[in-house]
Amino acid sequence: MTTITDAQQLVAQAREQFATCGTAAELEDAKARFLGKAGAITTLLKDLAALSPEAKRQQGGAINQAKQAIEQALQARRDELAEARLQARLAEEAIDVSLDGRGQRRGGLHPVVRSWMRIEAIFRSMGFEVAEGPEIEDDWTNFTALNSPQDHPARSMQDTFYVDIDDARGQPLLLRTHTSPMQVRHARAHVQRHQGAADMPDIRVIAPGRTYRVDSDATHSPMFHQFEGLWIGHAVSMADLKGTYTAFLHAFFEREDIELRFRPSYFPFTEPSAEIDMRFDSGPLQGRWLEISGAGQVHPTVVRNFGLDPEQFMGFAFGSGIERLTMLRYGIGDLRQFYGSDLRFLEQFHAA
Ligand code: DAH
């Protein structure tokens, strides 16, 4: 009888001890205390040897039941510990997908770049090519080819930054003062490409990019952006310039109530030369003439420098400031805001 009670008590003890084991190793130690070679259950079984067959059967059955119950309790605790380990690991390795990202702030395009892209798209839609060229230009292409020979007073209109080294042909190098040298580069390449052809397709191109001058105030920056326009054919006139530029302005400002006027001016590379002024017929700037571009009919000397006969080919050119157009489009008062890197200013254009 004692043994049966002992066996039942052992089950209770085992359950209790297994429950306090926090690790698999502790649990295996506890198991040995009951089921191991010198364990409590094993000892009870050994003691059976001394009993009568009848008592052996009875008590043996009780001990085996206890043994099974302890094995079950052991397995149950093993499962619990394994489950706890798994949960702990899952918790440790968990990625909280509901958490905000780590401050990856969204960038946006600079307002000048937005205008640049719009200008390209608008002129492409009118059949113009888009060309880009070097910001470090040689003296001949920036000035001489555009009919501003050395020592010509017109050069002083555009003071710039010179580079100390000359190019391979001994030409002084400088930061280009305008995009106009792209007229020369593009036209010469175009002429070369169509050499020997029965007739040359018109040159119709815009060339946007950075330009440099020794200038700095509310409306001038030492680095600024222009886009050059050039259309050369057999009978391209100032009337075509007016039509083209009007269509461009309507598209750029997304409104039709814009008037244009050509005001006589002087540029060495055009004859006649004009300033293009525009005015809005409504809105805050209503009625004010705003100067937006230099333009003119390309000078015969420049046409000759393209490699073309000015008796055969004629056309117009213009050079406009991208900042200026951007300021008018968004109502920006000070050019320097474009270059201040102030996010409060720049972020306003992210969704523009
Ligand atoms: N290159 C001139 C400037 O930067 C602008 C200009 C005027 C360009 C007349 C032209 C033009 O193509 O025809 O001031």
Side-chain angles (χ1 to χ4, degrees), residues 115-116 118-120 122-124 126-131 133 141-143 145-148 154-155 157-158 176-187 202-209 211 213 219-220 224-253 258-280 288-303 305-306 308 310 313-329:
S115 290
W116 181 332
R118 286 169 49 75
I119 290 163
E120 284 191 9
I122 294 166
F123 276 99
R124 278 210 166 93
M126 294 197 283
F128 281 70
E129 285 182 72
V130 175
T141 315
N142 192 82
F143 289 122
L146 291 165
N147 200 29
S148 306
R155 282 197 176 204
M157 288 161 65
Q158 299 185 353
R176 66 178 178 190
T177 54
H178 49 179
T179 44
S180 301
M182 279 307 294
Q183 290 185 32
V184 182
R185 284 181 180 275
H186 183 82
D202 283 7
I203 299 168
R204 203 184 299 143
V205 69
I206 62 155
T211 52
R213 293 203 200 157
T219 51
H220 297 91
F224 60 104
H225 299 75
Q226 286 190 332
F227 64 102
E228 195 75 12
L230 178 69
W231 186 352
I232 300 286
H234 291 296
V236 181
S237 71
M238 295 284 276
D240 296 306
L241 167 62
K242 192 158 190 175
T244 302
Y245 213 89
T246 303
F248 161 68
L249 289 179
H250 287 172
F252 183 81
F253 288 106
I258 297 173
E259 273 179 87
L260 251 69
R261 80 174 177 198
F262 285 2
R263 191 161 35 86
S265 184
Y266 171 77
F267 297 102
F269 31 90
T270 42
E271 182 57 40
S273 301
E275 297 289 349
I276 303 180
D277 298 339
M278 60 167 268
R279 77 175 170 194
F280 296 113
R288 262 180 58 192
W289 283 111
L290 309 159
E291 183 181 317
I292 41 165
S293 185
Q297 182 164 336
V298 180
H299 194 286
T301 300
V302 177
V303 174
N305 287 333
F306 291 166
L308 295 171
F313 290 94
M314 62 186 288
F316 66 77
F318 59 81
S320 318
I322 301 183
E323 280 84 348
R324 177 95 175 121
L325 286 168
T326 309
M327 287 168 80
L328 289 174
R329 180 166 150 82

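Numbers for residues simply follow the sequence, beginning at 1.
Taken from CG in N305 to CG in L146, the straight-line distance is 8.0 Å, to the nearest 0.5 Å. Between the CG atom in L249 and the CZ atom in R329 there is a gap of 12.0 Å [rounded to 0.5 Å]. Separation of atoms CD1 (I122) and CZ (F248) is listed at 5.5 Å; rounding is to 0.5 Å. Atom CG of L328 and atom CE of M278 lie 6.0 Å apart (nearest 0.5 Å). Of the inter-residue distances, the one linking K242 atom NZ with F262 atom CZ reads 6.0 Å to the nearest 0.5 angstrom. Considering OG of S180 and CD of Q226, their distance stands at 6.5 Å, rounded to 0.5 Å.
The heavy-atom pair separating I206 from F128 by the smallest distance is CG2-CD2, 3.9 Å. Between M126 and A247, the closest heavy-atom pair is SD-CB, 3.9 Å. Looking at every heavy atom in both residues, N147 comes nearest to P268 through ND2-O, 2.8 Å. Of all heavy-atom pairs between A207 and M182, the closest is CB-CB, 3.5 Å. When all heavy atoms of M238 and G296 are compared, the pair lying nearest together is SD-C, 3.8 Å.
In this structure the side chain of E259 never reaches within 4.5 angstrom of the side chain of R261, judged on heavy atoms. Side-chain contact between H186 and I203 is present, with heavy atoms from C-beta onward closer than 4.5 Å. Using a 4.5 Å heavy-atom cutoff, the side chains of F252 and S115 are in contact. Residues M314 and V298 are not in side-chain contact: their nearest non-hydrogen atoms beyond the backbone lie 4.5 Å or more apart.
Taking the six-membered ring for Trp, F269 and H178 have ring centres closer than 6.0 Å. Ring-centre distance between F253 and F280: below the 6.0 Å cut-off. Centroid-to-centroid, the aromatic rings of F318 and F123 come within less than 6.0 Å.
In this structure, N142 contributes its side chain and R176 its backbone to no donor-acceptor pair below 3.5 Å. A donor-acceptor pair under 3.5 Å links the side-chain atoms of S273 to the main chain of F267, judged by distance alone. Here the side chain of R124 pairs no donor or acceptor atom with the backbone of V130 at under 3.5 angstrom. Judged purely by atom type and a 3.5 angstrom limit, R213 uses its side chain to pair as donor or acceptor with the backbone of T177. In this structure, the side chain of R324 engages the main chain of E291 through a donor-acceptor pair within 3.5 Å.
Looking at residues two or more places apart in sequence or on another chain, you find a side chain to side chain donor-acceptor pair (under 3.5 Å) between S293 and S320.
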Given V303 and T301, is the side-chain contact (heavy atoms from CB on, under 4.5 Å) satisfied, shown in steps? CA-CA 5 Å; V303 174; T301 300; over 6 Å; no
Please step through side-chain contact (heavy atoms from CB on, under 4.5 Å) for the pair R288 and R279, ending with a clear verdict. CA-CA 6 Å; R288 262 180 58 192; R279 77 175 170 194; 5.8 Å; no
Check against side-chain contact (heavy atoms from CB on, under 4.5 Å), F306 and L230: CA-CA 12 Å; F306 291 166; L230 178 69; 4.1 Å; yes
Should F313 and D202 be marked as a side-chain contact (heavy atoms from CB on, under 4.5 Å) after you check the CA-CA gap, both sets of side-chain angles, and the distance that decides it? CA-CA 9 Å; F313 290 94; D202 283 7; 5.9 Å; no
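Checking each of T211, I322, T179, T326 against H225 for a side chain to side chain contact (heavy atoms under 4.5 Å, CB included) leaves exactly one that passes, namely I322.
Remark: the T270 side chain and the Q297 side chain contain no N/O donor-acceptor pair separated by less than 3.5 Å. The closest side-chain donor-acceptor pair between E228 and Q183 falls under 3.5 angstrom. Side-chain N/O atoms of W231 and D240 include no donor and acceptor closer than 3.5 Å.
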